[in-house]
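Here is the naming used below: chain letters follow the sequence lines, and residue numbers restart at 1 for every chain. This structure is a prediction, so every number in the text was calculated from the model and none was measured. Only heavy atoms go into these numbers, but all of them, side chains included; no hydrogens, no water, no symmetry mates.
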Amino acid sequence: MLGKTFDAAAVERTHYENWEKAGAFAADPNSSKVPYTIMMPPPNVTGSLHMGHALTFTIQDILVRYKRKTGNDTLWQPGTDHAGIATQSVVERQLAAKQITRRAIGREAFVEKIWEWKAESGGTITSQLRALGASPDWQRERFTMDEGCSDAVAKVFVELHKKGLIYKDKRLVNWDPELHTAISDLEVQQVESKGHLWYFRYPLEDDPSRHIVVATTRPETMLGDSGIAVHPDDERYKDLVGKYAILPLVGRRIPIVADEYSDPEKGSGAVKMTPAHDFNDFEVGRRHNLEQINIFDSRARINENAPEAYRGLDRFDARKKIIADMEEAGLLEQIEDIQHTVPHGDRSGVEIEPWLTDQWYCDAETLAKPAIEAVETGKTQFVPKSWENTYFDWMRNIQPWCISRQLWWGHQIPAWYGPDGSIFVEESEEAAQAAADAHYGATTEITRDEDVLDTWFSSALWPFSTLGWPEKTPELDRYYPGDVLVTGFDIIFFWVARMMMMGIHFMGEVPFSTVYIHALVRDQHGAKMSKSKGNVMDPLDLIEKFGTDALRFTLTAMAAQGRDIKLAESRVEGYRNFTTKLWNAARYAEMNECQWDASFDPKAATQTVNRWIISELAETEAKVSKAIDGYRFNDAAGALYHFIWGTYCDWYLEFTKPILSGADKAAAEETRKATAWVLMQAINLLNPLMPFITEELWSAFGGEGQLITTAWPDGLKEAADADAIAEMDWVVRLISEVRSIRSEMNVPAAAKIDLLLKDMSAQTVERLERNRDVIIRLARLENISATDDIPTGAVQGVIDEAMIILPIADVVDLAQERVRLEKDLGKLNGEIMKLDKKLSNESFISRAPAEVVEENRERLADEKTKRDKLAAALERIAAL
RNA sequence: GGGCGCGUAGCUCAGCGGGAGAGCACUGCCUUCACACGGCAGGGGUCGCUGGUUCAAUCCCAGCCGCGCCCA
């Protein structure tokens, strides 16, 4: 016996364990079914489940569960990535609490500590994914730093290096002075902030009484200035180009050059050039052979390349001192308040310092070309399509990808150096040693590059490294390329772009044919969820409160393409109520001994009401399949919600109550079976969205095996019956009309009244006879009969050709009835006027498609019939 | 500055060339034998503004106003 409400917490764990035990999630490389592959973008091993995860994994899970049911051999490849900076920071903080630094214990011991931590807490996110009901093939779970993935990384690095697509270069990088590592452009957040523009006077070499004024937002960088740029067309400075200024506080002689980079409108029109500390200056400096003077150490303190007075100062202290010193020297002309963006590291939160270092780069431009073409030619398609623009824009302007990081946690770069700096890039130390020995002609000591690779380098290989590449495994052959990559737009650059580049280069094929970009989950007011704002909703809290199914269904129902999700707890509550509704429908079926019979043949149903619900089910199945196939998850959720609540519960279960208790045993028996059968089919359709409650009900009703591996309903269309739909639609409309009149006329809910019908067609008479009991029950009637007369003071309505007459003269307030009829007539007349106007328009008749014209004619006729009947009813009232 | 997107019922959003929809909220009635996490009925919208295309525009196009995001 089912309990009064669904207790999610009580059954979720059990069903999940049963699925895993039964191997329901497992891909089967030996299967003859068509493979369907989703590569789970690996979450950070340090992470814990947030709303974004909940959405993205719910969507992936729906696709995978659906495809399993529709006859595919599915591989949903799970795993985690090692999240270089994030993970290293966590462990460093733990050590710092004990006053230990990583340098103090050394690389080997430190990395060991991280592995220990990973063993301890690395399972958090995966266990939370289980709580969400995600069904990836856990047996195949991978980690970006496990042996196979690491081998793939080494091989890729070596191969790309041999082709010249990976190289070492001295360039400016985004340096995080807190974490002491280079970071990617994508890990830099531009923060809008208030700042100042300081105007400095730099004296001219040949006439120290004259100055050129430069404006800067970063005075401390002047210590590294090696030039001044002005616009070639700027009349103010034309005579100064080619001359020299003397850098104050330093005394260096620096050239004044003409370069279009300088904007005459901005500041003074003259810009100081610090090629070692600004990306734009770096480019200008290259064009004019300006010196690159690095004035910072790795902590962004002034180094030995600056005058002694400033050495050792932190960059912000140096700024204050320089401003003070310039002012004292009379060289500070003015200070302007400005609004500008300042780059910050998204992990450390500190200001990023553009810094000149030796780093490893990947030639992303070359790798991007085929990746761009693959999307242009449709080998990979974005859904929604508009995201292609974002992808193209980034890929076409891609910069060399800095892949080295000054961390200890990650894939150590497979490059070794000889005593003279010669580089040996090989997959193993032995191979590098052999190469070095051969190079030097004698056994020579080599040392390995200290740095590790960007985490995204290994994530880029995920679609094939997890399948065993570079080995030619059956899995690689079968599951590559994958079908769809599901992710948020903010990750297009991180995953999509890089997986595309590496996949095409090493596999010769795109890694996935579709990229589905879903929304971001925001709070109910549309603000991004963040810890500092305190508006974070924890999916695990919601799961605990309302159940996993309710959370999943909420996210699905709100996952409309191209729009962010503004999530409020009340929505989850609303869909929790939906699970309760479904649960109670099942409880009702159970109480009425509606038992599941797998052999029930929907095509053989004889009762109109059963043929009708089967037809509605068939339409729902079609809608849900179409919606999931088209990544329109909200449509799938909507169709199921409407069918289960609005059709099955609100109407079907009510329609069939008189049959169940009626005298026709055969009809009752068929209806019992149909009730259970339709419920079980609906549960099957709902299963990908709400896996737990559906599995629970499936077993409660004795469904064979587990619902997760039960095939999607098939052949429903053949059982659909348009006549049954038309008939029950008429019944619904009749009942609704009677109820509506009763309510408006304040007929007490408990009062049973008579219903008279006039002018019925033969078909209506038949429909009435077949559904008499149901109509009496649901419209709360005493009796229904046909009539030719309209009793005095009766209340009237219309359904199609027939008049609805409720002889309740004794309780009717005539004035109220007049108001009701006039209101209805008003609406009808409005409609009729619009249709009349349209149909009397010559161009409409001649240019609109014939079926549209015909449809409008029919509608007009229907509305007029109804209007005439109501008008007559109103006249009769007036005559009283 | 460049790009993308959004302005539809009180709120959150579907719809996107031919009769304005949903959920929640709201109002009234109902302790009807599955469900008050419920049932029945109902109110509420010049579909941001202005033009254009069309027989027909919430839907397509242009401009404007307002809002958001991404990139410089």
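- For C35(B), the base has no donor-acceptor partner in the side chain of Arg587(A) [N/O atoms by modelled type, under 3.5 angstrom].
- The pair Glu863(A)-Lys866(A) does not count as a salt bridge, with every side-chain nitrogen at least 4.0 angstrom from each carboxylate oxygen.
- Distances shown here put a side-chain N or O of Lys581(A) below 4.0 Å from the OP1 or OP2 atom of G39(B).
- An OP1 or OP2 oxygen of A36(B) is reached within less than 4.0 angstrom by a side-chain nitrogen or oxygen of Lys4(A).
- Remark: P of C33(B) and CG of Asn584(A) are 13 Å apart, rounded to the nearest angstrom.
- Only the P atoms considered, A56(B) is 44 Å distant from C71(B), to the nearest whole Å.
- Comparing Pro748(A) and Glu654(A), the nucleotide of RNA chain B nearest to each residue sits closer to the 5' end for Pro748(A).
- Ranked by how close their nearest RNA chain B nucleotide is to the 5' end, Ile845(A) and Tyr575(A) are led by Tyr575(A).
- Using bins of under 30°, 30° to 60° and over 60° for the plane-to-plane angle, the ring pair Phe633(A)/Tyr631(A) lands in the perpendicular bin.
- Annotation: Phe382(A) is not in aromatic contact with Trp387(A) [ring centroid separation under 6.0 Å not met].
- Rounded to the nearest Å, the gap between the C1' atom of A14(B) and that of G45(B) is 15 Å.
- Between Arg820(A) and Val795(A) the shortest side-chain heavy-atom distance falls below 4.5 Å.
- Counting only N and O atoms by type, the side chains of Thr548(A) and Glu12(A) include a donor and acceptor under 3.5 Å apart.
- Residue Lys823(A) has a polar side-chain atom (N or O) positioned under 4.0 Å from OP1 or OP2 of G43(B).
- Picking from G18(B), A34(B), U12(B) the nucleotide with the shortest atom distance to the side chain of Pro849(A) gives G18(B).
- Scanning residues 737-746 of chain A for heavy-atom distances under 4.0 Å to RNA chain B yields Arg739(A), Ser740(A), Ser743(A).
- For the residue pair Asn592(A) / Arg672(A), no side-chain donor-acceptor distance below 3.5 Å is found, with atom types taken as modelled.
- C71(B) atom C1' lies 13 Å from atom CD of Gln399(A), rounded to whole Å.
- Look at the C1' atom in both U46(B) and A20(B): the space between them is 13 Å, to the nearest Å.
- Here the C1' atom of nucleotide A57(B) and the NZ atom of Lys834(A) are 13 Å apart, to the nearest Å.
- For Arg396(A) and C70(B), the CZ to P distance is 22 Å, given to the nearest whole Å.
- The aromatic rings of Tyr641(A) and Tyr575(A) sit perpendicular, their planes meeting at an angle over 60°, well past the 30° parallel limit.
- Residue Tyr588(A) places its side chain closer to A34(B) than to any other of G18(B), A14(B), A34(B).
- Listed nucleotides C37(B), G43(B), A22(B) differ in distance to Thr580(A); the shortest reach to its side chain belongs to C37(B).
- Rounded to whole Å, the distance from CZ on Phe6(A) to P on C35(B) is 19 Å.
- Side-chain atoms of Trp583(A) come within 3.5 Å of backbone N or O of Gly3(A) as a donor-acceptor pair.
- Note: CG (Asn577(A)) to C1' (G23(B)) measures 11 Å, nearest angstrom.
- Here the straight-line distance linking atom CE of Met690(A) with atom CG of Leu697(A) works out to 11.0 Å at 0.5 Å rounding.
- At a threshold of 4.0 Å, the pair Asp729(A)-Arg733(A) counts as salt-bridged, since one of the basic side-chain nitrogens sits closer than that to a carboxylate oxygen.
- Computed from coordinates, the Trp394(A) CH2 to C71(B) P distance equals 11 Å when rounded to whole Å.
- Within residues 851-867 of chain A, the residues having any heavy atom under 4.0 Å from RNA chain B are, by residue number, Val852(A), Arg859(A).
- Within a 6.0 Å sphere centred on CD of Glu365(A), other residues, nucleotides and ligands contribute 12 heavy atoms or fewer.
- Distance Asp650(A) CG to G39(B) C1': 8 Å, rounded to the nearest Å.
- The residues Glu376(A) and Arg396(A) are annotated as salt-bridged, a charged nitrogen and a carboxylate oxygen being separated by less than 4.0 angstrom.
- The environment of Lys657(A) atom NZ is dense: over 12 non-hydrogen atoms of other residues, nucleotides or ligands sit within 6.0 angstrom.
- Taking a pair as Watson-Crick or G-U with both hydrogen-bonding distances under 3.5 Å, the stems of three or more pairs touching RNA chain B are B:1-7 with B:65-71, B:10-13 with B:21-24, B:26-30 with B:38-42, B:48-52 with B:60-64.
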